[in-house]
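Everything on this sheet refers to the single structure shown next.
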Protein chains: 2
Amino acid sequence: MDAKQKLTPGALYGLLGYRLRLAQQAVFRDFAVSVPGLSPGRVGLLIFIDANPGVTQSRLAEAVERDRSTMVGVLDQLEARSLIKRRRGEDRRTNGLWLTRAGCTLLARALRGIARHEKRIAARLSAAERRQLLELLGRISG
Amino acid sequence: MDAKQKLTPGALYGLLGYRLRLAQQAVFRDFAVSVPGLSPGRVGLLIFIDANPGVTQSRLAEAVERDRSTMVGVLDQLEARSLIKRRRGEDRRTNGLWLTRAGCTLLARALRGIARHEKRIAARLSAAERRQLLELLGRISG
DNA sequence: TCAAATTGTTTGGACGCCAAACAAAAACTC
DNA sequence: GAGTTTTTGTTTGGCGTCCAAACAATTTGA
């Protein structure tokens, strides 16, 4: 009942994958607080569509490194919430993607939340450290 | 057909959460190749149980920062594969966890796979960089 | 002794990953 | 131009992980 026996982390704590998961979990939790109602992944899509209006589903999926088939359901939901619209392209296989006005508005709000979020996260890192973290992460992503 | 219009990443690429996801995805993909048949999370559990035989479900969940309720199903599966066993503790609410012999064997094999995996990942980083990456990730995880 | 907390569990929901298949449309090949 | 191949969006199904709320059994604390 007294002191719980100490837990030895074993090899676990030295594993990159494990440490990445812990970090990502912490970041996502903070994100959820700062940007309610929109998951990191979804905001990412909105940001990307905003920066590339008319982008195709496949190219979007490729750009954010997600599966084409995963994209369908997510976009369905965003469309159902009237945040984006699809429009058939001249290549009639494709759907072009645009933000609706509501989507723009929500994105703007989300971006303010993200700013707070990033600020809170970055508070634990100096600017140089933050930059280097991104650099090292980039090296790992290939 | 020629040059696809360039996609501008927008604010996305500067976001820590996004970059963490990309890195983790890359690491997990490589992991899946190096350690077939066992997800990173599950190997983590085996490692932890091995280092802390008799550990309780709740304490295990807490240690690896997962939910108690998530743990149940995963442990069910590991037990169904005869990799671990549960045994009721003297506090009769608890289940103590141990690796079975098969679990030990599989873990040993997995650890060899992980060694290859980490080596391949670490190839993109110097030892110092790797150390610093872990340090920075730790800072973020809180 | 009685109320409160803990443990494992179930249920239900959400998100994201992947693989295999399919029809429509476009791009190639001959 | 006819026929094959490729691409695109889609559906389906499965897996892993996360979270919240509830519950019975058990232990702890008042």
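Residue numbering restarts at 1 for every chain, and letters A, B, ... go by the order of the sequence lines.
- Phosphate contact (OP1/OP2 of C:dC17, side-chain N/O of B:R21, threshold under 4.0 Å): present.
- At least one side-chain nitrogen or oxygen of B:R29 sits closer than 4.0 Å to the OP1 or OP2 atom of C:dC18.
- Scanning for salt bridge (Lys or Arg N to Asp or Glu O under 4.0 Å) contacts around B:R86 gives B:D76, B:E79, with sequence neighbours left out.
- Less than 4.0 Å separates DNA chain C from at least one heavy atom of each of the following residues of residues 36-43 of chain A: A:S39, A:G41, A:R42.
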Please set out all donor-acceptor pairs under 3.5 angstrom arising from side-chain atoms of residues 102-111 of chain B, sequence neighbours excluded.
{"residue": "B:T105", "atom": "OG1", "partner": "B:R101", "partner atom": "O", "Å": "3.0"}

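- Put simply, CD on A:E90 is 17 Å from C1' on C:dA24, counting in whole angstrom units.
- In this structure, A:R68 reaches the bases: a heavy-atom distance under 4.0 Å links it to at least one base atom across the strands shown.
- At the phosphate of C:dG16, neither OP1 nor OP2 sits under 4.0 Å from any side-chain N or O atom of B:Q25.
- Using a 4.0 Å heavy-atom criterion, one finds that B:R88 contacts no nucleic acid atom at all.
- Residue A:R66 has no polar side-chain atom (N or O) positioned under 4.0 Å from OP1 or OP2 of C:dC18.
- If you check the side chains of A:R21 and A:Q25, you find a donor sitting under 3.5 Å from an acceptor.
- Partners of A:R130 by salt bridge (Lys or Arg N to Asp or Glu O under 4.0 Å), not counting sequence neighbours, listed by chain and number: A:E118.
- Within the 3.5 Å criterion, the main-chain N or O of B:G96 finds no donor-acceptor partner in the side chain of B:T56.
- Residues of residues 69-82 of chain B having a heavy atom closer than 4.0 Å to DNA chain C, listed by number: B:S69, B:V72.
- A straight line from CG of B:L45 to C1' of D:dG16 spans 12 Å, rounded to a whole angstrom.
- For D:dT27, one of the phosphate oxygens OP1 or OP2 lies less than 4.0 angstrom from a side-chain nitrogen or oxygen of B:R92.
- Side chain of A:N52 to backbone of A:F48: a donor-acceptor contact under 3.5 angstrom is found.
- Sorted by first and then second residue, the pairs that involve residues 19-43 of chain B and meet ring pair (Phe, Tyr, Trp, His ring centres under 6.0 Å), not counting sequence neighbours, are B:F31-B:H117.
- For the pair B:T94 and D:dT26, the criterion of a side-chain N or O lying under 4.0 Å from OP1 or OP2 is not met.
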